[in-house]
Amino acid sequence: MNYYEVAILKSPQENLTYQSLDEIENGTKVLISLRNRKNLIEAVVVKKVEEPTFKCSDIGEITSFFYSTEMLEIATFISQYYVCSFGEAISLYTPFNKEIKINEEQQLFDSKIVLSNEQEKAFEFYLQKKQFLLFANTGSGKTEIYIKAIEKVLNEKANAILLMPEISLTPQMENRLEKVFGNSVAIWHSKVSKKRKEQVLEGIYTGNIKVVAGARSALFLPFKNLQLIVVDEEHDESYKSDSKPRYNAKDLSIYIAKKYNLNLILGSATASIGSFHKLPFIRLKKTYFDTSKRVYFDNSSQELSVAIIEKISTTLSRGNQVIVFLPTRANFKYQICTSCGKSVECPYCSVSMSLHKNDLALKCHYCGYTQKIPDSCPSCGNGIIHNLRVGTAEVEERLKELFPQKIVKRFDRDEIKTDNKLKSVLNEFNSNKIDILVGTQMLSKGHDYHNVKLAVVLGIDSVLNMNSYKSRERALSLLIQIAGRSGRKGEGEVIVQTQNEEFFDYYINNSDYEEFLKSELEFREGLYPPYLKMAKIIFAHANGLKVKDELDRYVKLLKQNGNIEVVGFGQSPIFKLANKYRYEIIIRSSNIKELLKVLHSIKSTMVTIDMDTNF
DNA sequence: AGCACGCCGACT
DNA sequence: GTCGGCGTGCTC
């Protein structure tokens, strides 16, 4: 009889031991029974072990799917670093299939791309360093370098992965890749249909699909000979998963590339501080079109000041387009009573609800709860609910009043719900059928706008004033990303509404982002990442008293540990979410081993651990 | 995470 | 009396 340690897929429980008469290789996917469950469940053989002291059950079925040694190793790392079970970590992967034969036919690609001198230098740097940060201004031609690098790897019979945040939002990348790699490239993200995913997997198994451009999950596809990972817009915080395992696909890419000596390109116009600290970088500043950008500041606090309206008006009268950016989604972020100052809160989550004018309703952004707009304040009964902080729909309405002869459209998650809608709005905009596009973060994410000569940035102060050590990085990179959308060909203007002109002006007009990264690194030394590690311990339970007790118990316990520091603790920013009360503890340490030891020692059903949390 | 067990209130 | 609520605890 053989005995095997087995990890149960998607289960938080520890590995168990099963027996079988068969000789089973490590990584094989098997089906087992568990005492309390009626159906067979999926598990992975981790290793062969000695006969245990307790009685074992038989392995029910051996499948033809298997996880490679590398997959098992990386999953081990994930379970250690991001604090989850091995079963949860390995579940991120799609296994290989033994039954499908690989098509060995060699295919050569010719991108026909000729790199500029600057780009050539960056490519040489890549060949020399293997893993590097492509710190390249908007419009300096990052994509050509990605394609060249992918082309080279594919022509050496290897595979490549290109990670992008929200790839479903960037159809132009898809087009460019398909032009060069044809049927050998596939797109992979959560919105790809089940049927298409099966096709793509089949293609990866047979070797016909050699490169995948995708979201986080593309990192876990069963490529036989992965040699390159490209992480586009590497500063983007959406690479961090917010469900268990809470891994960061960018950080994991760095880990994997270093461990297996793979090629790695992290690309961004506003490089993250972490990557800037960790990797050699090359700067690409020159843009194809000689763009001259002028950035103006406006310190008014009205939604649309006279100066802003004038700028928009001038731009439009010259036949050019305008984008207007806001950090919030709905019409107004907060509804505040003019008499008692309270806002209307969601009954399930302790957050203020947002106004959706089309539906005449208040909507909770976290749980989706919707209610009618109350006629008077629900707290004091006599005040009127007043709108604070403007949103996209409100600005859209205002602009339509101001420029009735112009076409104004909204570009946010409420408006753009499908791929087709996205493509059609982008098409309309790029063929000049829309004059002003009003939107949120979505506006800043890598789209090419050809005729935009003015970017209006509203509400950036609310990003800068958020209570996080990352606020400055977030606000400045966001501003630069949006500014990059204006004047891609020729002259462009940006007008920023802010009370913090000094900060933005210094790094935009007098200095640059590299300078900012260096000063920020100085500021963070000894206090924040990348110099030390931070983690958040989240406590959640329907019983508010119970969870508070648990929090207090752990605060006391953690404060006694000399190897880590309790930075803070208390109610979560959203105290009540989906009917659960939430508290959190933030800890940090320069000693990663000790930090992880502490995190692994926490055994509580109320707790979720978030390593390298996006504060 | 599931899933069962078990101990309490409300129904034919 | 038993149906079903979800709190607690276990899974080789």
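Reminder, nothing fancy here: chain letters follow the sequence lines and each chain counts from 1. Note that these values count all heavy atoms, side chains included, but never hydrogens, waters or copies made by symmetry.
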State which of [options] makes the closest approach to the side chain of [X].
{"X": "Gln13(A)", "options": "dA1(B), dT8(C), dC12(C)", "value": "dA1(B)"}
{"X": "Ser11(A)", "options": "dT11(C), dA1(B), dC12(C)", "value": "dA1(B)"}
{"X": "Tyr18(A)", "options": "dC12(C), dA1(B), dG9(C)", "value": "dC12(C)"}

>> Quick check: do Lys536(A) and Ile585(A) have side-chain heavy atoms less than 4.5 Å from each other?
In response: no
> Does a sphere of radius 6.0 Å around CZ in Phe220(A) hold more than 12 heavy atoms from other residues, nucleotides or ligands, not counting ones at 6.0 Å or beyond?
Replying inline: yes
> Should we count CD of Glu198(A) as having more than 12 external heavy atoms under 6.0 Å?
Replying inline: yes
Please report the distance, rounded to the nearest Å, between [atom1] in [X] and [atom2] in [N].
{"X": "Leu9(A)", "N": "dG2(B)", "atom1": "CG", "atom2": "C1'", "answer": "14 Å"}
{"X": "Lys55(A)", "N": "dT11(C)", "atom1": "NZ", "atom2": "C1'", "answer": "14 Å"}
{"X": "Leu16(A)", "N": "dC10(C)", "atom1": "CG", "atom2": "C1'", "answer": "10 Å"}
{"X": "Phe86(A)", "N": "dC12(C)", "atom1": "CZ", "atom2": "C1'", "answer": "17 Å"}
{"X": "Arg35(A)", "N": "dA4(B)", "atom1": "CZ", "atom2": "P", "answer": "12 Å"}
{"X": "Asn36(A)", "N": "dC5(B)", "atom1": "CG", "atom2": "C1'", "answer": "9 Å"}
{"X": "Lys580(A)", "N": "dC6(C)", "atom1": "NZ", "atom2": "C1'", "answer": "13 Å"}
{"X": "Lys603(A)", "N": "dG9(C)", "atom1": "NZ", "atom2": "C1'", "answer": "16 Å"}

> Out of Tyr205(A), Phe66(A), Tyr67(A), which residue meets the ring-ring contact (aromatic ring centres under 6.0 Å, His included) rule with Phe96(A)?
Replying inline: Phe66(A)
> Considering heavy-atom distances to DNA chain B, does Lys38(A) or Glu88(A) have its closest nucleotide positioned more toward the 5' end?
Replying inline: Glu88(A)
Sugar-phosphate only, base, or nothing, as touched by [X] at under 4.0 Å among non-hydrogen atoms:
{"X": "Arg37(A)", "answer": "base"}
{"X": "Ser33(A)", "answer": "sugar-phosphate"}
{"X": "Thr17(A)", "answer": "base"}

>> Asn420(A) vs Thr418(A), test: side chain to side chain donor-acceptor pair (under 3.5 Å). Steps then yes/no.
In response: CA-CA 5 Å; Asn420(A) 283 339; Thr418(A) 63; 5.5 Å; no
